Each structure stands twice: as C-alpha cells, then as structure tokens.
*Asks:* 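What follows is a single structure, and I will ask about it in a moment.
First the proteins, then the strands, lettered A, B, ... as listed; each starts at 1. Small disclaimer: the values here were computed from a predicted structure and weren't measured.
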Number of protein chains: 2
Amino acid sequence: MPTAPPLGLRERKKLRTRREIAEAANHLITEHGIEHVTIEQIAAAADVAPRTFFRYFDSKEDAFLSDHRDKLATFRAALLERPANEGALTAVRTALLGLADIYEIDRDEVLCKARLVAESPGLHLRSLELHADLQQSIADAIATRMHVDLADDMRPAVIAAAVSGALQAALGHWVANGAREDLPTLVGAALDLLDGGLDEFGRP
Amino acid sequence: MPTAPPLGLRERKKLRTRREIAEAANHLITEHGIEHVTIEQIAAAADVAPRTFFRYFDSKEDAFLSDHRDKLATFRAALLERPANEGALTAVRTALLGLADIYEIDRDEVLCKARLVAESPGLHLRSLELHADLQQSIADAIATRMHVDLADDMRPAVIAAAVSGALQAALGHWVANGAREDLPTLVGAALDLLDGGLDEFGRP
DNA sequence: AAGTAACTTGGCATGCGCTGCCACTTTAGC
DNA sequence: GCTAAAGTGGCAGCGCATGCCAAGTTACTT
C-alpha cells in the first residue's frame, strides 16, 4: 500500500479550506434547503471569496455531497485492495458490505442528507452521478477479475449494474424506514437475491 | 384503453411548437455540440421567443432528450398494458424487448445521440435521470404484480435495479460497438444472465 | 354573432451560476 | 534571501432560468 506522503503547509491549508467550505455548505444547506442558499453565502461562511469556492467545487451540490464522494472513494480503494485470488463477486460483496458499515457509522448524517437529496432535483441528479461512478468502479473490478475486456464482454457491466443497484435499493429501503434496520444485513440480503437468480419471480 | 381525445386547434399548435423546438435543438446540438448552442439560438431556429422555450422545456438538455423521454413513456405504457395474469419478470422482459425494438428502429439517431451524451456531462446527468425514471416504473410494475408494497419489501426495487441495469449495460455495449449487433438479442442475453443467478461468477 | 373568459405568447427585468483574466500574496526550493 | 510556483481575490462577462405584465389568440356562452 502507498505510504502516507509528508504534507507540506500548502497541502494542509488546501485540505483545511476544502473542509471548511464543505462544512459551511453542509450547515447552510441542511438548515435552509439548497435552493435558498447561494454560493456567495457559503463562501462568506467559509471565509473565502466566491471565486475561491469554484477552485474547490464545481457547484454547491458538489460541496454538499463531498462526504459521499469521499465514502465512495474509500470503497473504490477497498475494492482494489481485495486479494487478487478472490473471486469477483466475493470481492465486490465484501467491499460493498464495508461501504454499508461506513454508512451505518454516519447514520444520522446520511439519513439527513438523503432526505434533502430526495427533495432537490439538482441534488438527486448529482447523487445519480455518484452512483454511476460507483457502478463503473465495480464494472472495472469485475472485468479485471474475470480477465475480460469491458468492451468485448458485457457481462461485467450487467453484473455491476445489478450489484450496485442492489446496494442502491437496500440503501433506499434503509433510508425510507428511518435507518431502523441493519444496513449491512439489508445489503447482504439484496445481494443474496441476485445470487440466487430471478427465475423464481414473476411466474403467474 | 383510453379513447383518443379530439384535439382542438390550441392543443395541435402546442404540440407543433413543442416538436419544432425539439427538432431545432436536435439539429443545432447535433451539428455544433451542446455547449456551443444557446437557448436563444434554439428559440430563433424554432421561431419562438427565448421565453417561450422555457414553457416547453426546462433546459436544452431536456429538449434534446425529449425523443428519448417519449420512448420511455411508450415503454411505460406497454408495461402497464401487459396482461394482469402475466408474471412480473415476464411482463418486464417483454416490455423491455419492445423498447429494444424501438431503439433498433431509430438506430442511427440513437447512436448519434448516445455519442453526444457520452461527451457532455450535462447530457449524461439528464440521461441518468431518465434511466432512474425507467427503473422506478419497473419497480412499481413488479411490486404491483408481486402484490407487495415497495415501502415494505425491497425485492421489487432490487429486481428493478438489476433488470434496468441489464438494459443499460446492453445498450451501452450495443452503442460502443457501433450498433452492429441485434439489440433485442443483447437485451435478452443480459436478462438471461440475471435470471440464471450470479453465483457462477467470481469464484476463484 | 358578439362578448367574455381562459390561455398562449413575447418582452422586460432580475438573480444566480459559472468561467476567464490579471494582480496580489504566500509557500517552496535553491 | 531570491526566484519560481502556487493559491487567492476581485472584476467583468455570458448564459441559464424565473417572475411579471401586456398583447394577441382560442374557446365557450348566450
């Protein structure tokens, strides 16, 4: 694994500024709703110029969802670090359960953000984009482990869509029910549903 | 089924205007790329005021993808009209193959638009939204046919995610290979992959 | 057939999102 | 310390998107 690089003052300042902007966005948007918060306000709360905001984030949606993006980056790293001899589905399943753990840890924050995402079309769109990125990561990993090319063989893409969709569905169900159930258990159940095949459903 | 209502002059004019705006958007965006086309230009080409554009579409992306939205509306209608005694998966599969037929009919146009969507972040986002709508329609249909509630039982959502993901993957593969293969066949193969279960994949 | 109500359209004004550009300050490496 | 590189802030500008109101058009009623 890559050893931690010694961050200079510059890098630490940048990370700090980024975090302050993201936190300002979180607070303001959580309290007032995203359409009632301007980038100017977020920048003022983070004590930077509006122009600086755009050096760190493309939009206020990006800033608000940066936590989520970080979680998915962690997932991606975990997936890449699974043992090479592990089967594709096993690796993905393990990494997805790890992601579910992360969501469970930040339970309240995830729940709160999910409600705001559901109410805002713009946030919903960005959220879909993050999910598509996740799906792409999974497809890449599966193709690598199956020793096939994504361009030639569509099976990895199909499996990735199904698996990431299962996560999405489990997450949606978890959020809709106020996060009362155990998320990793839900995700595991959703994945089991796929593993067993869908043939049993839908016959009259 | 609902009988066709007799459209008055007003309604016909509105449909015509909508079509003209969409066609103007198609031509201009196809030729120059979406980021080099302004709404003002689209409105001028359609011979309406810029203000009027926004009475028909929320954005130029919406106008450009209105064909696609119509196709998905057709799919939704076809899915709802499947026989009530048909199994959930069978109904969805049949409707999806019908959608694949529609794509195949407009092969060149679909292919051209898909390339533009892949190149434009904004278009990609809107396209993801359309896919999410499709997935929701499928989840509703499956829940109805399984006689369960989406809020209580997450299985319909999981299955819908997998199935619509299969379509998406097949479509992506079809486009990536220049639409040389038969799309309904591809979609069928992707669905078969899910029906059989994923257990066979991923073991080392 | 005339009049009225409802609807569509166009133009105006406005606010916000986002980007390019340049000058100023701060950090890094020699 | 000196120079090069990088981060920051302010400015100007374009395009998107919406509210509002006046003018023109269609639909319905008597």
*Asks:* Take atom CD in A:E109; do more than 12 heavy atoms of anything else shown fall under 6.0 Å from it?
*Replies:* yes
*Asks:* Please tell me which of the listed nucleotides, C:dT27, D:dT8, D:dG9, lies nearest to the side chain of A:V48?
*Replies:*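 Among C:dT27, D:dT8, D:dG9, the one nearest the side chain of A:V48 is D:dG9.
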*Asks:* What's the CD1-P distance between B:I39 and C:dG10, to the nearest Å?
*Replies:* 15 Å
*Asks:* Check whether any side-chain nitrogen or oxygen of B:T52 sits under 4.0 Å from OP1 or OP2 of C:dG11, and answer yes or no.
*Replies:*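 For C:dG11, OP1/OP2 do not have a side-chain N/O of B:T52 under 4.0 Å.
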*Asks:* Please state how far atom CG in A:D58 lies from atom C1' in C:dG17, giving the value in whole angstrom units.
*Replies:*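 In whole Å, C:dG17 C1' lies 12 Å from A:D58 CG.
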*Asks:* What's the closest nucleotide to the B:R10 side chain, out of D:dA27, D:dA17, C:dC18?
*Replies:* D:dA27
*Asks:* Can you sort out the partners of B:D101 under side-chain contact (heavy atoms from CB on, under 4.5 Å), two or more places apart, ordered by chain and number?
*Replies:* B:P184
*Asks:* From B:N177 CG over to A:M154 CE, what is the distance, rounded to the nearest 0.5 angstrom?
*Replies:*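 So the CG of B:N177 and the CE of A:M154 are separated by 10.5 Å.
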*Asks:* Quantify the bending of the helix from C:dA1-D:dT30 to C:dC30-D:dG1 as the angle between its end axes, each fitted on five pairs, to 10°.
*Replies:*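 That helix has its two terminal axes inclined by roughly 30°.
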*Asks:* Find the distance between CD (A:E104) and CG (A:D106) and round it off to the nearest 0.5 Å.
*Replies:*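 The CG atom of A:D106 is 10.5 Å from CD of A:E104, to the nearest 0.5 Å.
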*Asks:* Atom CZ of B:F53 to atom P of C:dT8: distance rounded to whole Å?
*Replies:*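 Roughly 18 Å, once rounded to whole Å.
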*Asks:* What integer distance in Å separates B:R12:CZ from C:dT8:P?
*Replies:*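 Rounding to the nearest Å, CZ of B:R12 and P of C:dT8 are 15 Å apart.
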*Asks:* Between A:R16 and A:E20, does at least one N-O distance fall below 4.0 Å, as a salt bridge requires?
*Replies:*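 Between A:E20 and A:R16 there is a salt bridge, with a charged N closer than 4.0 Å to a carboxylate O.
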*Asks:* Between A:F54 (CZ) and C:dG20 (P), how many Å, whole number?
*Replies:* 12 Å
*Asks:* Could you tell me whether B:R76 and B:D133 make a salt bridge, using a distance below 4.0 angstrom between a side-chain N and a carboxylate O?
*Replies:*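 Judged by the 4.0 Å cut-off on N to carboxylate O distance, B:R76 and B:D133 do not form a salt bridge.
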*Asks:* By nearest nucleotide on DNA chain D, pick out whichever of A:P50 and B:T38 is the more 5' one.
*Replies:* A:P50
*Asks:* Output the single nucleotide from D:dG10, D:dA17, C:dC12 whose closest atom is nearest the side chain of B:R51.
*Replies:* C:dC12
*Asks:* To the nearest Å, how far apart are B:Q41 CD and D:dC14 C1'?
*Replies:*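 Distance, rounded to whole Å: 13 Å.
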*Asks:* Of all the choices, C:dT26, C:dC16, D:dT8, which nucleotide is nearest to the side chain of A:K13 once you look at every atom?
*Replies:*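 For A:K13, the side-chain atoms sit closest to C:dT26.
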*Asks:* Round to the nearest Å and state the distance from A:E35 atom CD to D:dA17 atom P.
*Replies:* 15 Å
*Asks:* Are B:K113 and B:D67 ion-paired here, with the side-chain N under 4.0 Å from a carboxylate O?
*Replies:* yes
*Asks:* Could you check which of C:dC7, C:dC18, C:dG10 has an atom nearest any side-chain atom of B:R55?
*Replies:*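 Side chain of B:R55 sits closest to C:dG10.
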*Asks:* Please state how far atom CD in B:E40 lies from atom P in C:dC12, giving the value in whole angstrom units.
*Replies:* 12 Å
*Asks:* Is the phosphate of D:dG7, meaning OP1 or OP2, less than 4.0 Å from a side-chain N or O of A:Y56?
*Replies:* no
